[in-house]
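Shown next, in structure tokens, is the structure this report addresses.
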Amino acid sequence: MTGSWEPATRAPLPAIAEVHVWRIDLDSPPLTSLGDTLLSADEISRVQQLRFEPHRRLFMAGRSAMRSILGSYTDTAPDTIRFSYGEHGKPHLYTDDDAPPLTFNFSNADGQALLAVATDREVGIDIENRHREINTAGLVRHLLTDAECTSFNKLPEADRKQAMLTIWTRKEAWIKALGEGLFRSVKSFAVPCELVSASLTQRLTDNTGEPANWTFLSLDAHPDYLATLTARGTDWSCRCFDWQPAGAAT
């Protein structure tokens, strides 16, 4: 697993063939004190539609952190950042022609979040609590292709829950990289099922219609969480940052 996290408030733009991942504590007091002050009108509307206060708080914290980090890359005030949305709701940074091209993807579980950022390829990321209760047998039927079932059933019984959550994060990360959300069946493609390697490659047909190699990288983000980063190609490296929101509330 990749697990060397550099404390940082900002970083230079990712180089070509480099992906940045930011680890974010959504319960950080400087972040939660922002409330909805950085959010756009449509984001505030989304907050108001959330039924439970913890969900509203985490959404505001996540969007505030995302705006702050993306703003630091583009030298843009976080509250002035604009997003456009893909056909299935994936956010993209709306920039003028002189701004650096950035792709990004965000995931959170409870109070832990990850933001992946690149300049030359789409990225996807997913984080899940490794202790969450799951119906493993049901997920086998719902998530796995026949080939994945064959590999999965060879695993020792004691390893199957963690294996299922790992496969889940890989599938979610790839779907999020494509921006297809619930519109692509998780049983329509296979991801690596191996658990012994931090970095694995799978040849997949994405929304370009052409087969391509995708690399899946396991991230050691937190002892209680499993996380996967994916991006197209095998030529990229990952640099991890532990976001320090010093001054975020000023």
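Quick caveat, the model's predicted, so the values are computed rather than measured.
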Handout entry: Path from L195 to L144 over hydrophobic side-chain contacts below 4.5 Å
Key = no
Practice task
For the residue pair R63 and F106, establish whether any side-chain heavy-atom pair is separated by less than 4.5 Å.
Solution key: no
Handout entry: Ion pair D242/R23, N-O distance below 4.0 Å
Key = yes
Handout entry: pair W174-D206: side-chain heavy atoms closer than 4.5 Å
Key = yes
Handout entry: Charged N-O contact under 4.0 Å between D75 and R10
Key = yes
Exercise for the section: Assess whether salt bridge (Lys or Arg N to Asp or Glu O under 4.0 Å) is satisfied between D27 and R57, documenting all intermediate values. Expected result: CA-CA 9 Å; D27 292 317; R57 175 177 52 80; 2.7 Å; yes
Exercise for the section: With the side chain counted from C-beta on, respond yes when E122 and H92 share a heavy-atom pair under 4.5 Å apart, and no when they do not. Expected result: yes
Handout entry: N105 side chain to I125 backbone, donor-acceptor under 3.5 Å
Key = yes
Problem - Pair E53 + R56, salt bridge at N-O below 4.0 Å - result: no
Handout entry: Any side-chain heavy-atom pair of T119 and L102 under 4.5 Å
Key = yes
Exercise for the section: Using a 4.5 Å cut-off on heavy atoms from C-beta on, say whether the side chain of D25 contacts that of L31. Expected result: no
Completion exercise
Smallest heavy-atom separation, N108 atom then D110 atom, equals ND2-O, 3.8 Å
Handout entry: Flag, side chain of S68 to backbone of S64, donor-acceptor distance under 3.5 Å
Key = yes
Problem - Heavy-atom donor-acceptor pair, W236 side chain to A231 backbone, under 3.5 Å - result: yes
Problem - Verify same cluster id: I16, L93 (apolar side-chain graph, 4.5 Å) - result: no
Handout entry: Under 3.5 Å: donor-acceptor pair, side chain of R130, backbone of P223
Key = yes
Exercise for the section: Using modelled atom types only, decide if a donor and an acceptor are shared between the side chain of Q202 and the backbone of A190 within a distance under 3.5 Å. Expected result: yes
Practice task
Taking R67 for its side chain and L39 for its backbone only, find out whether a donor-acceptor pair lies under 3.5 Å.
Solution key: no
Practice task
Kindly determine whether W5 and V21 satisfy side-chain contact (heavy atoms from CB on, under 4.5 Å), including the steps that lead there.
Solution key: CA-CA 9 Å; W5 299 84; V21 175; 3.9 Å; yes
Practice task
Decide yes or no for H20 and F104: does some side-chain heavy atom of the first lie under 4.5 Å from some side-chain heavy atom of the second?
Solution key: no
Handout entry: Test item: W214 and V191 side chains (from C-beta on) under 4.5 Å apart, heavy atoms
Key = no
Problem - Note: R170-E148 ion pair, threshold 4.0 Å (strictly below) - result: no
Exercise for the section: Decide yes or no on side-chain contact (heavy atoms from CB on, under 4.5 Å) for T103 and R121, but give the supporting numbers first. Expected result: CA-CA 7 Å; T103 60; R121 67 195 69 211; 5.6 Å; no
Problem - Polar side-chain atom of K176 near backbone of D126 as donor-acceptor pair, under 3.5 Å - result: no
Handout entry: Any S72 side-chain heavy atom under 4.5 Å of T9 side chain
Key = no
Problem - Main-chain N/O of K161 paired with T136 side-chain donor or acceptor, under 3.5 Å - result: no
Exercise for the section: Kindly say whether G233 contributes a backbone atom to a donor-acceptor pair with the side chain of T215 at under 3.5 angstrom? Expected result: yes
